[in-house]
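Following: one structure in structure tokens, then a few remarks.
The first residue in the sequence is number 1, and the count goes up from there. Each ligand, and each atom within it, is numbered from 1 in the order the structure gives.
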Amino acid sequence: MKARVLGSCAGGGLPQWNCGGANSVRARRGDPDVPARTQPGLAVSADGVRWSILNAGPDLRVQLAAFPALHPKPGTRDVPLDTVALTSAELDHVLGLLVLREALSFRIVSTRWVRDAILEHNAAWRLVEPIWGSAALDAPVFLDRENRLEARFFPVTPKVPGYLRDVAKPHAETTTGMRITDLASGARLAFVPGLSSIDSATAAELAAADVRFVDGTFFTADELRKSKPGAPDAAAMGHVPITGQGGSLAALAGMSGRTYYVHMNCTNPLLDAASPERARVRRAGVEIADDGLELEL
Ligand code: MLT
Ligand code: MN
């Protein structure tokens with residue numbers, strides 16, 4: 001299996017347009033330690049020829065432009081894209097579906113809750129309704145035509161996206177991670193960009209993967225409050241902090257294989273490659289994903 005990080009930051013990216021915090025200022029200046037980053041998404045492939053995408057962020061157009069493997073065959077409109085799979089209805093995971101509206105030559109898959117919540121309350125997404133299927137939790141769904149890349153949605157603590165809070169109730173299918181297994185090699189990847197706490201089932205899912213991409217939104221629980229007075233803490237926003245009580249780093253530190261934080265918020269000190277926080281995470285055996293990172297497993 002191959003994987004490519006399309007975008008490593010949380011919604012807003014880096015720099016975030018309304019943020020004057022240190023990371024955004026340095027990214028605007030072109031500081032090499034704080035490179036600009038796009039909004040979240042991952043591409044996966046069994047053979048390096050045909051690809052599927054996990055979460056469609058708002059920067060998908062530029063992410064595809066920067067990735068030759070997903071360009072159309074010259075002289076045609078044939079794009080080697082099979083499936084777009086969605087782990088939640090968060091806007092930074094689904095706005096990119098509208099960016100792909102010029103063709104319905106691929107398919108979309110999510111849980112039924114995610115599909116119905118978006119389609120019932122947002123008329124624009126009905127453009128892609130004809131290609132949008134749903135999958136039950138833990139049921140196998142194939143991302144490729146050869147039925148080699150098997151995906152399963154697994155539930156994590158549900159968090160209803162802010163824009164749906166008044167119209168939809170939390171459900172086991174609201175927020176998921178994905179387990180991708182290459183049935184030819186047995187390689188396994190876990191992708192969990194939104195995670196408010198790590199219970200034993202989630203820890204087992206993450207531990208069983210060869211490569212895991214995990215919610216790294218906030219380094220500390222109260223990080224956002226420093227630049228946005230009154231902001232809720234990380235867990236209330238649906239993101240387990242990396243450090244502190246119940247932090248993800250302690251849970252991830254002992255896991256074998258490769259671990260990457262993704263979906264970093266623009267306030268996260270890990271975005272500075274020279275920061276002591278980055279050194280601490282690396283010492284624990286965890287990396288942060290970079291835009292364009294490619295892996296083979
Ligand atoms: C999140 O990750 O918590 C959401 O994407 C926040 C948002 O709606 O921007
Ligand atoms: Mn997000």
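By the 4.0 Å heavy-atom criterion, Leu91 is excluded from the residues contacting ligand 1. Between His93 and ligand 1 there is no heavy-atom distance shorter than 4.0 Å.
The ligand atoms of ligand 1 that sit less than 4.0 angstrom from a heavy atom of Met237 are 3 (O). If you number the atoms of ligand 1 from 1 as listed, the ones under 4.0 Å from a heavy atom of His263 come out as 2 (O). Close contacts of ligand 1 with His239, meaning ligand atoms under 4.0 Å from a residue heavy atom, involve 1 (C), 2 (O), 3 (O). Listed by number with element, the atoms of ligand 1 under 4.0 Å from a non-hydrogen atom of Asp92 are 5 (O).
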Side chain to side chain donor-acceptor pair (under 3.5 Å) evaluation trace for Asp82 with Ser52: CA-CA 5 Å; Asp82 286 329; Ser52 290; 4.8 Å; no
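No side-chain donor from either of Arg115 and Ser110 sits under 3.5 Å from a side-chain acceptor of the other. Under the 3.5 Å distance criterion, with hydrogens and angles disregarded, no donor-acceptor pair is assigned to the side chains of Gln39 and Asp92.
Between the Asn265 side chain and the Asn268 main chain, no donor and acceptor come within less than 3.5 Å of each other.
Hydrophobic clustering places Leu95 together with Val84 (ILVMFWY residues linked when any side-chain heavy atoms are closer than 4.5 Å, directly or through intermediates).
Under the 4.5 Å side-chain criterion, counting only non-hydrogen atoms from C-beta, Asp138 is in contact with Phe154.
In this pair, His93 and His263 present their aromatic rings perpendicular. The plane angle is above 60°, beyond the 30 to 60° band.
With a cut-off of 2.8 Å, the Mn ion (ligand 2) has no N, O or S atom of His93 in range.
Closest approach between the Mn ion (ligand 2) and any N/O/S atom of Asp92 involves OD2.
Distance from atom 4 (C) of ligand 1 to its nearest protein heavy atom, with residue and atom name: Glu90 OE1, 3.1 Å.
At a distance under 4.0 Å, no protein heavy atom can be found next to atom 9 (O) of ligand 1.
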